[in-house]
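Since the structure comes first, as structure tokens, the remarks are kept for the end.
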Amino acid sequence: MITVNGEEHALSEGLTMRRLLADLSMPDTGIAVAVDGTVLPKSRWDATTVEPGWTIEILTAVQGG
């Protein structure tokens, strides 16, 4: 299991961060991903395999002031 934005999700073996984002219907741009409080650069989404127990926060950019 992993936690994404406060919700528990089952974890598929070999799931990359990019695939997780696609499975969650997240856009490819305008978001930031943090794993256990540390930002994961977009350049590492394809190479990072999601691990059990991770807490993942997905943040979307918004305009305004």
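This one's a predicted model, so the numbers in the text were calculated from it and none came from an experiment.
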Next item on the list: Can you see which heavy atom on E7 is nearest to which on H9, and at what distance?
Entry: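 Residues E7 and H9, closest heavy atoms: O-CD2, 3.1 Å.
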Notebook entry, point to check: With a 4.0 Å cut-off, would you call D28 and R18 a salt bridge?
Noted result: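 Judged by the 4.0 Å cut-off on N to carboxylate O distance, D28 and R18 do form a salt bridge.
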So do the side chains of [X] and [Y] get within less than 4.5 Å of each other, counting heavy atoms only?
| X | Y | value |
| --- | --- | --- |
| V50 | I2 | yes |
| I56 | N5 | no |
| T16 | R19 | yes |
| D23 | L15 | yes |

Notebook entry, point to check: Just wondering, more than 12 heavy atoms not from E13 lying within 6.0 Å of its CD?
Noted result: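 Counting other residues, nucleotides and ligands, CD of E13 stays at 12 neighbours or fewer.
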Could you measure the distance from the [atom1] atom of [X] to the [atom2] atom of [Y]? Nearest 0.5 Å is fine.
| X | Y | atom1 | atom2 | value |
| --- | --- | --- | --- | --- |
| W54 | M17 | CH2 | CE | 5.5 Å |
| T3 | E57 | OG1 | CD | 9.0 Å |
| T48 | K42 | OG1 | NZ | 14.0 Å |

Check: Does the side chain to side chain contact (heavy atoms under 4.5 Å, CB included) test come out yes or no for L21 and I58, once each step is laid out?
Finding: CA-CA 9 Å; L21 294 171; I58 303 169; 3.5 Å; yes
Margin query: Count I, L, V, M, F, W, Y as connected when their side-chain heavy atoms are under 4.5 Å apart, and connections chain through other members. Are L59 and W45 then in the same cluster?
Written below: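 Different hydrophobic clusters.
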Checklist line | Co-membership, hydrophobic cluster, residues I31 and L24, 4.5 Å side-chain | finding: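 In one cluster with I31: L24, yes.
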